[in-house]
Amino acid sequence: MDAEYRESQLYRIRHSAAHLMAAAVLEMFPEGKVAIGPPIEDGFYYDFDLPRPLTMDDLEKIEARMRELIAEHHDFIYQEIDPDEARKLFADQPYKLELIADILERGTDEYGERTAQPVLSIYKSGPFVDLCRGPHVANSKEINPKAVKLLSVAGAYWRGDADRPMLQRIYGTAWPTPKELRAYLKWREEVQKRDHRKLIKQLDLLSFHEEAGPGLAYWHPKGAMMRKIIEDFWRERHLEGGYDFVVTPHLGKAWLWQTSGHLDFYRESMYSPMDVDGQEYFIKPMNCPFHILIYKTRLRSYRELPLRWAELGTVYRYEKSGVLHGLLRVRGFTQDDAHIFCTPDQIEDEILRVLRFSISILNAFGFEDIQAYLSTRPEKAVGEPERWEQAQASLQRAIEAEGIAYEVDEGGGAFYGPKIDLKIKDALGRSWQLSTIQFDFNLPERFDMSYIAEDGAEHRPYMVHRALLGSLERFFGILVEHYAGAFPVWLAPEQARLIPIADRHVAYARQVEDQLRQAHIRVYTDASSSRMNAKIRDAQMQKIPYMLVIGDQEVEANTVAVRLRSGKRLGALSPADFIAHVAQAVAQRALE
RNA sequence: GCCCACGUAGCUCAGUCGGUAGAGCACUUUCUUGGUAAGAAAGGGGUCAUCAGUUCAAGUCUGAUCGUGGGCUCCA
């Protein structure tokens, strides 16, 4: 949340709306307890401890009451108070008492942020008084009652702590004008329409099976076709980018995971071990230890570094049941993983190279808006400080050399090394983290990796993990939402559908189909008994880029009548011309 | 994992007060052979997520389990 927003009138409107919502809720539940209620991106929430779960009916009543409160033109009055007054005022509000204690003892405000001076302040608006630092609107008339809407109820832990009570959080949104509210609600609808969980079903791309285990994706022929296209592209680019490929097993003995440290730090996210001949084996949650074993099969010379080893490695992680979410959070997924092993003086070049490589691949998939996040050394960390310094400097210089916008998360790195994450913005303006480029000072140590340097002595190589798309499953889900299922021609699982108007045109359609297939166009003939209109509708709903209508005229002239999914018609083209047209669209990665 | 909600045909959903289940689409068959987003008719299709319980009687009420959704926590 940026500083500009915090200073804005909109922020005040939302914050004040949250207070009025709390007022309405307390009228409904006089014995209810209030927690906190800040503005957030696109709206606000307030957390409550109430005697019963809220329903959508309640929400409507609360919203109606909020509008009345707004219309009553209450002033929001700021007042500083001393601790005793505060404790008295909020005597029956245990969450507020806890906040008061925190503010006084820890010098934090009600959101847990440090403040210069512990100041207790309240805001009064009508009958409702809240412990609050503000800011608020001066009077509720600054809130447009028709630009406020309550959206949902959800559970939320007090202070975000899973060991503390579960509260009920009401989410709402508020905007300067009803028009902006409508635009926001429309955007939310668009988000729902593009939901990949819906689209992968409608477009017959993937499925999940509760009988066979949650969080495990099944790729149908069309989904698998797209995955093949993505993988082929990925491999080709990696060859051009100087990578070699490795392939490693899906499981390994406990020794491997003890050595890597996963069993110490990560065990609760790993699938339970299986007993094989009295030995514990684990399904892999990561590929790195396997790549290291390959590295260690012989002595390595500085002359053969850097090594860049890539693998589409399928890993399994036991994610908690409540966090699974379509393709975006699964338990089995394929990382587009690679590890770079290099010498200290190669680091700078390697990082720049991998960053450029990553950006060019993201661009190819239609993601142009990229931001970088640099995470640096946390308090608890392994590895020599000089190495951290060098690694962080090389990361930062690479980002700056590429001229992409970035933010630094000081101390936000993993204990084993600093990293750059790349986030893209999709067609709806939402950010998704895709690429990650991270140093690892831990594993080379634990596995005692080395190379022989010019001086004839053993040295520890630098190791960089990187994934560009992240996981193929998640990336696929993001692609589906980005394109709303209408994929660019090069990615579309079915690029063209032949639509014979009557049965007598089917034979010619089959002939064209064969011709197009020889040109590697992914094409199918709709030979059903439906009318042409129905066939077109079906192809439209499947978001197929090209519909090729074939009737008497086309058979006669040896052409196809080309319709795009936009509704635009290209007229009659010979099969050869159509092939050339598609080749062009594929080369340009055009949407058409 | 936690809070709340939900789970009915392949899909999207309806099902009132507890009285043995319905629609549209899809599918099959027949008729229709058409010119750029749904031609018509007939037919098949259900252990109402699963397992227990209450009841003369459960899709409907209760509990547990599994799964899904909105969030929270987590994502070294």
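Reckoned from all heavy atoms, side chains included, excluding hydrogens, waters and symmetry mates. Bear in mind the structure is a predicted one, so any value in this text is a computation, not a measurement. Every chain is numbered from 1 and lettered A, B, ... according to where its sequence line falls, protein lines coming before strand lines.
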For A/Q553, which contact category applies under a 4.0 Å heavy-atom criterion: base, sugar-phosphate, or nothing? base
Using atom NZ of A/K320 as one end and atom P of B/A76 as the other, report the distance to the nearest whole Å. 12 Å
Quick check on the 6.0 Å ring-centre criterion: do A/Y266 and A/W257 meet it? no
Distance check, P atoms only: B/A14 and B/U73, in whole angstrom units. 32 Å
With hydrogens left out and only the distance checked, is there a donor-acceptor pair under 3.5 Å joining A/Y318's side chain and the base of B/G1? no
Between A/E98 and A/R164, is there a side-chain N and carboxylate O pair less than 4.0 Å apart? yes
Can A/R194 and A/E190 be counted as an ion pair, charged N to O under 4.0 angstrom? yes
Do A/N533 and B/U36 share a donor-acceptor pair, side chain to base, under 3.5 Å? no
Do the charged groups of A/E513 and A/R510 touch, with an N to O distance under 4.0 Å? yes
Of the nucleotides B/G1, B/G34, B/G35, which has the atom closest to the A/R504 side chain? B/G34
Is any side-chain N of the basic residue among A/R497 and A/D538 closer than 4.0 Å to the acidic one's carboxylate O? yes
Inspect the contact between A/D448 and A/R460 and indicate whether a charged nitrogen and a carboxylate oxygen are less than 4.0 angstrom apart. yes
Nearest-Å distance for atom pair OH/C1', residues A/Y171 and B/C4: 13 Å
Cationic N near anionic O, under 4.0 Å, A/D421 to A/K423: no
Value in whole Å for how far the C1' atom of B/C75 lies from OH of A/Y266: 7 Å
From CD of A/E268 over to C1' of B/C74, roughly how many Å is that when rounded to an integer? 9 Å
Give one of base, sugar-phosphate or nothing for A/D161, where a contact means two heavy atoms less than 4.0 Å apart. nothing
Expressed in angstrom and rounded to an integer, what is the separation of A/L203 atom CG from B/A26 atom P? 17 Å
Round to the nearest Å and state the distance from A/W158 atom CH2 to B/G71 atom P. 22 Å
Considering only B/G35, B/G34, B/A76, which nucleotide approaches the side chain of A/E554 most closely? B/G35
Is there a ring pair (Phe, Tyr, Trp, His ring centres under 6.0 Å) between A/Y46 and A/F48? Walk through the geometry before answering. CA-CA 7 Å; A/Y46 212 116; A/F48 304 94; 5.1 Å; yes
Between B/G70 (C1') and A/D195 (CG): distance, integer Å: 12 Å
Using a strict 4.0 Å threshold on nitrogen-to-oxygen distance, state whether A/D195 and A/R197 make a salt bridge. yes
For RNA chain B, the dot-bracket pattern of Watson-Crick and G-U pairs whose distances stay under 3.5 Å, | for other-strand partners: (((((((..((((.....[..)))).(((((.......))))).....(((((..]....))))))))))))....
Mind checking whether A/F265 and A/F415 have ring centres under 6.0 Å apart? yes
A/R197, nearest nucleotide to its side chain (from B/C72, B/G70, B/C66): B/G70
Nearest whole angstrom, please: distance from the P of B/A5 to the CG of A/L59. 14 Å
Answer yes or no: does a side-chain N or O of A/K380 lie under 4.0 Å from OP1 or OP2 of B/A76? no
Near RNA chain B, which residues from residues 460-481 of chain A have a heavy atom under 4.0 Å away? none
Record whether the side chain of A/R159 comes under 3.5 Å of the base of B/C72 through a donor-acceptor pair of N or O atoms. no
For nucleotides B/U33 and B/A49, find the distance between their C1' atoms and express it as a whole number of Å. 44 Å
